[in-house]
Participant: 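Sharing a structure with you now.
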Number of protein chains: 2
Amino acid sequence: MRIGELSKATGIPVPTIKYYLREGLLAPGELTSPNQASYGEVHIRRLRLIRALVDLAQVPVAQVKEIVESLDADDIPLHDQIGRAHRALTPARKPTASPEARAAAAVEVDALLTRRGWTVEPEAPALATLIETVAALRTLGQDNLVAFLDAYAEAVERFTQLEVEAVAAPTRDQLAESVVIGTILGETLITSMRLLAQESTSANLWR
Amino acid sequence: MRIGELSKATGIPVPTIKYYLREGLLAPGELTSPNQASYGEVHIRRLRLIRALVDLAQVPVAQVKEIVESLDADDIPLHDQIGRAHRALTPARKPTASPEARAAAAVEVDALLTRRGWTVEPEAPALATLIETVAALRTLGQDNLVAFLDAYAEAVERFTQLEVEAVAAPTRDQLAESVVIGTILGETLITSMRLLAQESTSANLWR
DNA sequence: CGTTTATGGATACTGATACTATCCGTCGTA
DNA sequence: TACGACGGATAGTATCAGTATCCATAAACG
């Protein structure tokens, strides 16, 4: 398959495919001559993944690169592969909260993790985001929401349990891909469902 | 309070505040003379909200504008206010799936909504995203995840229920603000918690 | 009372991101 | 053997989220 056919097969313009190649999101095709390469099913598959992440899940291209790199690094433990993908998914956010608010939130979050028995490394980027969010909620006067942290955590555990049950991939490669897709598209799924459920509830309560 | 003090009170640089004023995210201060304005508590509060949405929840500035506009439009029903905010939160996504895949997913999602008894308008942007996501999951070969749609929906209902319980605001204005903050920061909360729960689970299973 | 600093308002510039477009020399096919 | 497609490189574009600069005026300080 040449690049034109790859483009037709995926609906992605040739210049965009070239861009993904340049950025290292897509492995180069096998060169059959100095200026002729051939692409296969793998490339179609990968492009579909890229598009889902970029268009649907709005993951920045640089992050998609890290994610596919972690997928291709099948020589490291699965847990580390997932860790790499997780790191790519949590953007570095400018600190919003005051140091005091953050410190208080950190204590609170720490207690939550202990209660739930979640063992995470202290440098996990998602941890910083959670702390920052709790601090922001308090600063914005939404203490009532913070009071439900444990209930939130319980519902979140349900998702994670579902996703573990859902991954039933035959090979190690496919397992990793399954987990990563589940993590990312699962979030889009949850977000859109949540909006719909809210709309329905809001219609019942306030209209 | 003048703009310099506002800047000091919030930690936001003066040029950035001016930018938010230009973009209409922040109401202008009361003019005491042709080139002197005074700002109050409302402005501090609003800036904190803007920063939480922009920095923490990564909502684009244009969308934040629509959200604060919907908050200020307290002359329309609460349900419509929330609808406006919801619309601002669902970015227009380029269609990813093939027409056939989308049509199949649409049927599936429709059945789900009926089963759950969710009543949403057919033009809800989140609906399109959900359909697109289901189609993408199928195209990417993640049918096993799609099989858990109902379980996902159930867990999502749990969140919505929590959030309804959590909003206990005295006034109509504060109710709207509470719902909007809950919707947006609640998502950041869920996302970061989910990542942490996954990391913990992944450590237990695969390390 | 004069000088320095801050302010509101307008306009211009910047850096990052995600593509698009163009060019060039080569290659495969008709 | 002509002609469009290709690989590879470089340059250009649009959008976004601020920053920076300028101006005339107002406030604060000595």
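In what follows, every heavy atom counts, from backbone to side chain, and hydrogens, waters and symmetry copies are set aside. A, B, ... follow the sequence lines: proteins, then strands. Residue 1 opens every chain.
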Participant: What is the distance, to the nearest angstrom, from the CG atom on B:Asn35 to the P atom on D:dT25?
Facilitator: 9 Å
Participant: Is a side-chain N or O of B:Ser7 found less than 3.5 angstrom from the main chain of B:Ile3, in a donor-acceptor match?
Facilitator: no
Participant: Which whole-number value in Å describes the distance from B:Ile17 CD1 to C:dA6 C1'?
Facilitator: 14 Å
Participant: Going by heavy atoms in the side chains, are B:Met193 and A:Leu149 under 4.5 Å from each other?
Facilitator: yes
Participant: Using a 6.0 Å cut-off, check whether atom CZ of B:Arg93 has over 12 heavy atoms from anything other than its own residue.
Facilitator: yes
Participant: Describe, in one word, how the ring planes of B:Tyr152 and A:Phe159 are oriented to each other, choosing from parallel (under 30°), tilted (30 to 60°) and perpendicular (over 60°).
Facilitator: tilted
Participant: Taking only the side-chain nitrogens and oxygens of B:Tyr39, find out if one of them lies under 4.0 Å from OP1 or OP2 of C:dT7.
Facilitator: no
Participant: Taking the nucleotide of DNA chain D with the closest heavy atom to each, which residue, A:Pro28 or B:Ser33, is nearer the 5' end?
Facilitator: A:Pro28
Participant: Distance check, rounded to the nearest 0.5 Å: B:Thr10 atom OG1 versus B:Leu47 atom CG?
Facilitator: 5.0 Å
Participant: Measure from CG on B:Leu21 to P on C:dT7 and round the result to the nearest Å.
Facilitator: 13 Å
Participant: Pick the closest DNA chain C nucleotide for B:Val14 and for A:Pro34 by heavy atoms, then say which residue is nearer the 5' end.
Facilitator: B:Val14
Participant: Atom CD1 of B:Ile3 to atom C1' of D:dA27: distance rounded to whole Å?
Facilitator: 15 Å
Participant: Could you tell me the separation between the CD atom of A:Glu23 and the P atom of C:dT20, rounded to a whole number of Å?
Facilitator: 14 Å
Participant: Is it the case that the side chains of B:Gln198 and A:His86 hold a donor-acceptor pair, with the cut-off being a distance below 3.5 Å and no angle test?
Facilitator: yes
Participant: Expressed as a whole number of angstroms, how long is the span from B:Glu5:CD to D:dA28:C1'?
Facilitator: 13 Å
Participant: What is the distance, to the nearest angstrom, from the CZ atom on B:Arg2 to the C1' atom on D:dT25?
Facilitator: 12 Å
Participant: Can you tell me how far P of C:dT26 sits from CG of A:Leu31, to the nearest Å?
Facilitator: 16 Å
Participant: Could you run down nucleotides 12-23 of chain D 5' to 3' and tag each one B, S or - for protein heavy-atom contact under 4.0 Å?
Facilitator: -----BBB----
Participant: Is the backbone N or O of A:Pro91 less than 3.5 Å from a side-chain atom of A:Gln63, with the two atoms forming a donor-acceptor pair by type?
Facilitator: no
